[in-house]
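Pasting in a structure now, in structure tokens, and then I'll have a few things to ask.
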Amino acid sequence: MRNRFAALLAALAVPLFAVLGLATPAFAAYEHDWTTNVTWYEDSSRECVENRYVSGCVQPYGDYIWLKNNGSADYVVKITWWDLDGDREGYCTNNFAPSAGWTVCNKDFPEGHRIAWYVVYHANGQWWSGSNQTTTV
């Protein structure tokens with residue numbers, strides 16, 4: 001009888017701990033945003049990087065992530081980011097061809113947080129990434 005009770009208790013405890021474990025911020029889902037096609041305007045507060053395949057910027061005022069595909073229409077370009085002072089992380093993907101120019105994701109980051117980010121592109125069957133940047137928003 002005692003063994004059955006212990007087995008039943010163990011069987012109930014495993015799903016309970018699994019559910020409680022999934023509720024913690026450590027298991028937060030990645031935020032995935034698609035860019036919107038917009039008109040580029042000059043703003044000296046943007047922190048930008050670029051290479052032959054992708055240009056990317058983080059604009060603290062307004063919490064914008066800017067992306068431009070510098071490669072070809074079959075390249076995927078994105079910015080991967082994470083909040084160094086919080087528990088959010090995600091990526092912003094450009095879903096437009098290079099002819100669209102600059103595109104943007106509008107985020108809502110907490111004021112004063114440090115956002116780490118880097119540009120990513122997929123070309124010739126491989127993923128490539130730039131170096132890490134940090135911007136305070």
Side-chain angles (χ1 to χ4, degrees):
M1 178 73 168
R2 180 182 276 178
N3 288 343
R4 279 192 218 162
F5 181 73
L8 177 62
L9 188 59
L12 293 175
V14 170
L16 178 64
F17 288 125
V19 169
L20 291 176
L22 291 176
T24 63
F27 290 96
Y30 251 65
E31 296 176 27
H32 181 213
D33 299 297
W34 295 97
T35 60
T36 312
N37 195 0
V38 295
T39 302
W40 173 265
Y41 59 91
E42 291 301 320
D43 186 321
S44 62
S45 72
R46 289 187 189 117
E47 296 183 24
C48 301
V49 296
E50 67 179 327
N51 61 41
R52 183 175 157 192
Y53 302 99
V54 58
S55 295
C57 303
V58 172
Q59 179 180 336
Y61 180 73
D63 300 333
Y64 295 112
I65 296 175
W66 294 85
L67 267 169
K68 185 170 87 168
N69 183 344
N70 298 332
S72 71
D74 59 338
Y75 289 177
V76 175
V77 298
K78 61 176 71 177
I79 285 183
T80 300
W81 61 268
W82 60 100
D83 185 342
L84 295 172
D85 300 314
D87 61 354
R88 291 173 58 192
E89 59 186 336
Y91 47 93
C92 173
T93 304
N94 180 340
N95 53 331
F96 293 96
S99 61
W102 284 97
T103 62
V104 71
C105 288
N106 188 357
K107 301 302 295 175
D108 186 17
F109 297 122
E111 296 301 313
H113 279 219
R114 294 171 304 131
I115 305 299
W117 58 280
Y118 58 89
V119 295
V120 182
Y121 62 95
H122 187 267
N124 305 320
Q126 289 187 313
W127 285 100
W128 305 87
S129 65
S131 59
N132 287 355
Q133 310 293 318
T134 303
T135 303
T136 300
V137 295

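Sequential numbering from 1 along the given sequence is applied to the chain's residues. Fair warning: this is a prediction, and the values are worked out from it, not measured in the lab.
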ask   = Take atom OH in Tyr64; do more than 12 heavy atoms of anything else shown fall under 6.0 Å from it?
value =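 Check fails, neighbour count at 12 or below.
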task = Spell out, as yes or no, whether a donor-acceptor pair under 3.5 Å connects the side chain of Thr135 to the backbone of Ile115.
result =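 Side chain of Thr135 to backbone of Ile115, a donor-acceptor pair under 3.5 Å: no, none is there.
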ask   = Shared ILVMFWY cluster between Val49 and Tyr75, side chains joined below 4.5 angstrom?
value =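 As far as the 4.5 Å side-chain criterion goes, Tyr75 and Val49 are connected within one cluster.
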key: Spacing of OH belonging to Tyr61 relative to CD belonging to Glu111, to within rounding of 0.5 Å   =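 Between atom OH of Tyr61 and atom CD of Glu111 there are 9.5 Å.
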Asp33 side, atom CG; Lys78 side, atom NZ - distance, nearest 0.5 Å =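 Going from the CG atom of Asp33 to the NZ atom of Lys78 covers 11.5 Å.
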query = Of all heavy-atom pairs between Asn37 and Ala100, which one has the smallest distance, and what is that distance?
reply =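 Nearest pair, atom of Asn37 first, then Ala100: OD1-O, 3.5 Å.
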inquiry  = I'd like to know if the side chain of Gln59 pairs up with that of Asp43 as donor and acceptor (distance under 3.5 Å, no hydrogens or angles considered).
reply    =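 Yes, Asp43 and Gln59 have a side-chain donor paired with an acceptor closer than 3.5 Å.
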task = Return the minimal non-hydrogen interatomic distance between Pro98 and Gly71, and the atom names on each side.
result =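 Heavy atoms only, the tightest pair is CG-O, 3.4 Å.
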request  = Could you tell me whether a side-chain N or O of Asp85 sits under 3.5 Å from a main-chain N or O of Arg114, the two making a donor and an acceptor?
outcome  =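 Pair found, side chain donor or acceptor close to backbone of Arg114.
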message = With a 4.5 Å cut-off on side-chain heavy atoms, are Cys92 and Leu67 touching?
response =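 Contact flag for Leu67/Cys92 side chains = yes.
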ask   = Does a side-chain heavy-atom distance below 4.5 Å link Val38 with Trp66?
value =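 Contact flag for Val38/Trp66 side chains = yes.
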request  = Could you tell me whether Trp128 atom CH2 has more than 12 heavy atoms of other residues or ligands within 6.0 Å of it?
outcome  =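 Check fails, neighbour count at 12 or below.
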Shortest non-hydrogen separation from Arg46 to Cys57 and the atoms involved =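 What the structure gives for the nearest pair is CD-CB, 4.0 Å.
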inquiry  = In this structure, would Ile79 and Val137 fall into the same cluster of hydrophobic residues linked by side-chain contacts under 4.5 Å?
reply    =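 They do share one cluster, since a chain of ILVMFWY contacts under 4.5 Å joins Ile79 to Val137.
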ask   = Would Trp82 end up clustered with Trp117 when hydrophobic side chains under 4.5 Å apart are linked, directly or stepwise?
value =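 Each belongs to a different hydrophobic cluster.
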message = Any side-chain to backbone donor/acceptor pair from Asn94 onto Val77? Under 3.5 Å, distance only.
response =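 It does not hold such a pair.
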task = Kindly indicate whether the side chain of Lys68, heavy atoms from C-beta on, has any atom under 4.5 Å from the side chain of Trp40.
result =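 A side-chain contact is absent here, since even the closest heavy-atom pair is not under 4.5 Å.
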query = If you measure from CD on Glu89 to CH2 on Trp81, what distance do you get to the nearest 0.5 Å?
reply =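 Taking CD in Glu89 and CH2 in Trp81, the distance rounds to 8.0 Å.
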message = Are Phe96 and Tyr121 linked, directly or through intermediate hydrophobic residues, by side-chain heavy-atom contacts shorter than 4.5 Å (ILVMFWY only)?
response =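 Tyr121 and Phe96: separate clusters.
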message = Using every non-hydrogen atom in the two residues, find where Thr134 and Glu47 come nearest and quote the distance to one decimal.
response =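 Scanning both residues completely, I find the closest heavy atoms to be O-OE1, 3.3 Å.
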query = If you measure from OG1 on Thr103 to CG on Asn95, what distance do you get to the nearest 0.5 Å?
reply =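 Interatomic distance, Thr103 OG1 to Asn95 CG, rounded to 0.5 Å: 7.0 Å.
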task = Flag the pair Tyr41 / Trp102 as yes when their ring centroid distance falls below 6.0 Å, and as no otherwise.
result =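 No, too far apart.
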ask   = With a 4.5 Å heavy-atom cut-off, do Lys107 and Glu31 have their side chains touching?
value =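 When only atoms from C-beta onward are counted, Glu31 and Lys107 do touch, with a gap below 4.5 Å.
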query = Do you reckon Tyr91 sits in the same ILVMFWY cluster as Trp127, going by side-chain contacts under 4.5 Å, direct or chained?
reply =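 No; Trp127 is not reachable from Tyr91 via cluster members.
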ask   = Which heavy-atom pair separates Pro60 from Ser45 by the least distance, and what is that distance?
value =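 So the two residues come closest at CD-O, 3.3 Å.
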task = Have a look at Cys105 and tell me which of Ile65, Thr36, Thr93 forms a side-chain contact (heavy atoms from CB on, under 4.5 Å) with it.
result =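 Among the candidates, only Ile65 passes.
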